[in-house]
There are 2 protein chains.
Amino acid sequence: MSIPSDISIARNARKKSVLEIGQALGVPAADLVPYGHDKAKLSPGFIESLEVRGDGKLILVTAINPTPAGEGKTTTTVGLGDGLNRIGKRAMICLREPSLGPCFGVKGGAAGGGYAQVVPMEDINLHFTGDFHAITSAHNLLAAMIDNHIYWGNALDFDLRRITWRRVMDMNDRALRQFVGPLGGVSNGFPRESGFDITVASEIMAILCLARDLADLEARLGSIVVGYRRDHSPVFARDLKADGAMAVLLKDAMQPNLVQTLENNPALVHGGPFANIAHGCNSVVATRTALKLADYVVTEAGFGADLGAEKFFDIKCRKAGLKPAAAVLVATVRALKMNGGVAKADLAAENVEALLRGSVNLGRHVENIRKFGVPVIVAVNHFSTDTAAEVEALQAYARTLGVEAVLCRHWAEGSAGIEGLARKVADLADRGEANFQPLYADDMPLMGKIDVVAKEIYRASSVVAEKAVLDQLAAFEAQGYGHLPVCIAKTQYSFSADPSLLGAPTDHVLPVREVRLSAGAGFVVAITGEIRTMPGLPRSPSAERIMLSEEGYIEGLF
Amino acid sequence: MSIPSDISIARNARKKSVLEIGQALGVPAADLVPYGHDKAKLSPGFIESLEVRGDGKLILVTAINPTPAGEGKTTTTVGLGDGLNRIGKRAMICLREPSLGPCFGVKGGAAGGGYAQVVPMEDINLHFTGDFHAITSAHNLLAAMIDNHIYWGNALDFDLRRITWRRVMDMNDRALRQFVGPLGGVSNGFPRESGFDITVASEIMAILCLARDLADLEARLGSIVVGYRRDHSPVFARDLKADGAMAVLLKDAMQPNLVQTLENNPALVHGGPFANIAHGCNSVVATRTALKLADYVVTEAGFGADLGAEKFFDIKCRKAGLKPAAAVLVATVRALKMNGGVAKADLAAENVEALLRGSVNLGRHVENIRKFGVPVIVAVNHFSTDTAAEVEALQAYARTLGVEAVLCRHWAEGSAGIEGLARKVADLADRGEANFQPLYADDMPLMGKIDVVAKEIYRASSVVAEKAVLDQLAAFEAQGYGHLPVCIAKTQYSFSADPSLLGAPTDHVLPVREVRLSAGAGFVVAITGEIRTMPGLPRSPSAERIMLSEEGYIEGLF
């Protein structure tokens, strides 16, 4: 069976007008702020008016550790939403917005794939409704105000070596990672080391995704720590009086974006924080709005369940008071075979043994998710090379864990291919078995929180950190940040900090190299291993092949 | 008489839906791409469909040399458009989009003032429809592809000292003007001097404003010269295969934005190139579209007539084949008194003598505009401190030049205050006296073109340039760029290169310090004096006072 390319499927979608999509949700026309004919924002007034309603059931889609084989977490999120609608449920999906920069590097879009996509995929992958541009502007306004403050005399007494606020750009531009400036003699010369991160790595992105509303957003913006004085006391964004103007720039970006799936079901696509130095989930405002508008809300979290689900539960759900009803763990036969030691080139060949060897990765994620009190089901995202023996072996293994593994063909067949999973997920959520609780209490010390995640989720035997790191954590606690959750930045490829340890490694040590405070977002980042906050482009970036066709279509974005 | 603030007037505007505004212009609903309820883009198909129609009359609004007293060129453009509609003419206005960055510095918005504004003014002054963000992205993608190319081996053999393509940001951030990077050892270290300009200074902004359509845009993007090899041969954007992806990023930004005036008349607000290192006019696409949709189109050009009108005529009209029917020269009693030597603090006192001394500035601009074969009329933008004696003296002086000076009160009264000017401008345009011709022929040598503008418009006695500049011009001619018009970057405050020489100076020398090629935009920039392509913020930037009110209104943007 030959499936057309994602972009060609998306282009041939029979889209409804976003007004129709909004109407079906009961959004009054004046509260649906259109961006073109197929995208719209929901007004703050409309969102406020929903407060009185009850909540639908929240379903998290997460995955095994990612491999180069591909798992299809977003695709499954979209497919499951369509599947639930197909079986007669009122369901919505909540996704993150893709970052524009990486589209020009190696990966293509991030709006699902095959017959499980949100559209308009070109817009969603490029400028969309301008949210990321607004975040870039707000972030860089604060940066400009810092350097301007220093230029005019540095009344706040910044230590130039301890300015932690960098600049951002939504572009894969490694040349901006590190530079020395500003140069220019008396008219401009206060040189220091600085650089750019990609916009999704901005703390403002995380703030926008965690803020309840505009007032909460503005308060969080003011609480950003932008640097330190020589006595190590923090300087806040509000000390620079930057919070008001930043909130003004983010006013529209705070409103969730309504689009549709290929099957004309409603989707909110909003926010997209990095899944390592931030929490990697779509916005709280979008999720809470969807819960008011639908009986089932399907959402996703970045990377595998060790990073994504843990942060979804311990940061997003904890902070927003969300109670997930069920979790779906996405796996593919191919990815489990890679976890079992098969090279990417050999994945097409049947290999039940390797599959079973790699399935321990799946098993551990199932165990982990249950620790949060959330019932789980496995979605096997079908690839055409999967054999019947492999699928059966995987399903049998899942049964030994007491979990069902449902084969899904949404990529090739749309909602028709995922009806089975949809029925089982709805049943699971309806049974009310969930008894969500975060992994650790707010009042545990910061190092204790890191230790719990490391041991309970990553299964490390211990956590190591130099004295400077421990001192920094103690300083955060002394400054009143001890109650915050921790956001651990770790490789997504392994449970451990070593990306080559696939499967379900044990007896490894988690080295905490550095800790950073995101006071506005409301978490403490613990960095283990290398964290790239500004990607680069490959030798032959996909930008070289992206262009407009003679008919004005976008080619090469997929 | 007390007039409320611009933002308060704008907020209380009785806006029509942009669908109504579009309907009145005959734009089919499917071709009107909404951005909210009060902004929309016109589809490429609709614009193409207009080709067969005849053109309305084009009216340029320009001004005397600007002073800190304020002249009100945009306000008069908006007022005149409303005035023409008031007297029963089908009129549209075409404006530039304001830059977001400067809103947070000293100046407020740039969407007119008083009762002559385009709305929604907050949106227009901030993100609007995202055009500037798209230009920023396209510009910086090209920059990232240059450094990425070098990183992967520099096959095109860039001379690292001769990379002319910088990066841009829509922010007043002087700290980004000059830095050394990328740093980072073997993983990243190809340090060179570079920096950021403000987005409006991007060549891509000028390209977008001069391109006929998307195909022309893509061709021009490919022709951008991004740097030179050691043998001084140019490297083009198309050598990096960047043109296609850049055009994709600019696809929507190419479409003109429809908004309305406070009196619900249609306005296209599109493009906003710097008025010194670029041509400073709104987009050709918007102007040509308006000419098909209206009988009278009122547009403006940046700075005073020596810079703005000259570039409008010699670059925009020449390249786009536009034939302006009339020009309106905006002056104020206050600004002419400053030209006559009065300090800003003393402007409120009547001073007919100083007014007449300064009026030579007006007189020379009238003479200059006539050299392009375009009939001119003077609009006196009324301030409450103007005395009857001053206005009469100014009108009498204008009569000696054979030009009418019409008092206009649109700022305080809207279209009712500018009816007189509207009738006279319509008459002037209808009389068909215009016989437009650019100042110099395409085939004149580049230095000859600079010389003509310097002597005919600035009234310099001579032009001086070092041998390096002359050699560079010769190199441009050898490379096939000799046919391009010149875009002279000069202070806006004086006819001369010395900003302190007000009035109508003669016998000054124009020093050409540097010349740059904008091969994609299609002009050669000649720089005289200091050119700042990245502004800074003042000691207490207006960002400190911009915030959201409790009702969610934007405060402090004015």
Side-chain angles (χ1 to χ4, degrees), chain A residues 30 33-37 44 100 104 126-127 130 133-134 137 140-141 143-145 147-148 151-152 167 169-184 188 190 195 214 218 241-245 247-249 251-252 536-537 539 541 543-548 552 554 556-557, chain B residues 30 33-37 44 100 104 126-127 130 133-134 137 140-141 143-145 147-148 151-152 167 169-184 188 190 195 214 218 241-245 247-249 251-252 536-537 539 541 543-548 552 554 556-557:
Chain A
V33 185
Y35 283 68
H37 300 291
L100 177 158
F104 300 103
L126 295 175
H127 306 294
H133 292 314
S137 294
N140 292 335
L141 173 62
M145 288 176 81
D147 279 304
N148 189 58
Y151 174 87
W152 287 104
R167 286 174 177 81
M169 186 185 282
D170 195 4
M171 193 58 66
N172 286 16
D173 191 348
R174 75 167 72 70
L176 288 177
R177 282 176 191 157
Q178 198 184 341
F179 56 75
V180 170
L183 304 175
N188 217 15
F190 295 97
L214 269 177
E218 188 162 351
K241 300 187 194 132
D243 40 344
V248 164
L249 282 169
K251 184 173 182 280
D252 298 331
L537 292 170
R539 181 183 290 271
E544 295 178 355
R545 293 169 293 281
I546 294 175
M547 58 194 71
L548 291 171
I554 295 172
L557 192 70
Chain B
V33 185
Y35 283 68
H37 300 291
L100 178 156
F104 300 103
L126 296 174
H127 305 295
H133 292 314
S137 295
N140 292 335
L141 172 62
M145 290 177 80
D147 279 303
N148 189 58
Y151 175 87
W152 287 105
R167 286 173 177 81
M169 185 185 282
D170 196 4
M171 193 59 66
N172 286 17
D173 190 348
R174 74 167 73 69
L176 289 176
R177 282 176 191 156
Q178 198 184 341
F179 57 75
V180 169
L183 305 175
N188 217 15
F190 294 97
L214 269 176
E218 188 163 351
K241 300 188 194 130
D243 40 344
V248 164
L249 282 169
K251 184 173 182 281
D252 297 331
L537 291 170
R539 180 183 291 270
E544 294 178 356
R545 291 168 296 279
I546 294 175
M547 57 194 71
L548 291 171
I554 296 173
L557 193 71

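All values below come from the heavy atoms of this structure, side chains included, with hydrogens, waters and symmetry mates left out. Chain A is the first sequence line, chain B the second, and so forth, proteins listed ahead of strands; every chain is numbered from 1. What you are looking at is a predicted structure, and each value in this text was computed from that prediction instead of being measured.
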Subject >> Part of A:Asp170 within contact of chain B (heavy atom distance under 4.5 Å) >> reply: neither

Subject >> Interface residue of largest heavy-atom contact number with chain A, from B:Glu544, B:Arg539, B:Lys241, B:Met171, under 4.5 Å >> reply: B:Arg539

Original post:
Which atoms of A:His133 come close to chain B, meaning under 4.5 Å heavy atom to heavy atom: side chain ones, backbone ones, both, or neither?
Top reply: both

**OP:** Would you mind checking which part of A:Leu249 comes under 4.5 Å of any heavy atom in chain B, side chain (CB onward), backbone (N, CA, C, O), both or neither?
**Re:** both

**OP:** Could you walk me through whether B:Asn148 and A:Arg174 pass side-chain contact (heavy atoms from CB on, under 4.5 Å), step by step?
**Re:** CA-CA 8 Å; B:Asn148 189 58; A:Arg174 75 167 72 70; 2.7 Å; yes

**OP:** Give, as side chain, backbone, both or neither, the part of A:Leu214 having an atom under 4.5 angstrom from any heavy atom of chain B.
**Re:** side chain

Original post:
How many angstroms lie between CG in B:Leu176 and CZ in A:Phe179, if you round to the nearest 0.5 Å?
Top reply: 5.5 Å

**OP:** Check each atom of A:Ala242 against the heavy atoms of chain B and say whether the ones under 4.5 Å are side chain, backbone, both or neither.
**Re:** neither

Original post:
Top residue by heavy-atom pair count (under 4.5 Å) with chain A, among B:Ala247, B:Gly552, B:Gly195, B:Ala175?
Top reply: B:Ala175

Original post:
Can you tell which of A:Ser137, A:Pro44, A:Gly181, A:Ala143 has the highest number of heavy-atom pairs within less than 4.5 Å of chain B?
Top reply: A:Ser137

**OP:** Go through A:Gly130, A:Ala30, A:Gly36 and name the one with the most non-hydrogen pairs under 4.5 angstrom from chain B.
**Re:** A:Gly36

Subject >> Over all atoms of both residues, closest heavy-atom pair of B:His37 and A:Val33 >> reply: NE2-CA, 4.0 Å

Subject >> Closest non-hydrogen atom pair, B:Met145 against A:Pro541 >> reply: CE-CG, 4.3 Å

Original post:
Where does B:Asn140 contact chain A at under 4.5 Å (heavy atoms): side chain, backbone, both or neither?
Top reply: both

Original post:
Where on B:Leu126 is there a heavy atom nearer than 4.5 Å to chain A: the side chain, the backbone, both, or neither?
Top reply: side chain

**OP:** Identify which part of B:Asn172 has an atom lying under 4.5 Å from any heavy atom of chain A, answering side chain, backbone, both or neither.
**Re:** backbone

Original post:
When only pairs under 4.5 Å are counted, which of B:Asp252, B:Leu141, B:Ile554, B:Asp243 shares the most heavy-atom pairs with chain A?
Top reply: B:Leu141

Original post:
Of the backbone (N, CA, C, O) and the side chain (C-beta and beyond), which part of A:Phe190 lies under 4.5 Å from a heavy atom of chain B, both, or neither?
Top reply: neither

**OP:** Heavy-atom distances under 4.5 Å only: say whether A:Arg545 touches chain B with side chain, backbone, both or neither.
**Re:** neither

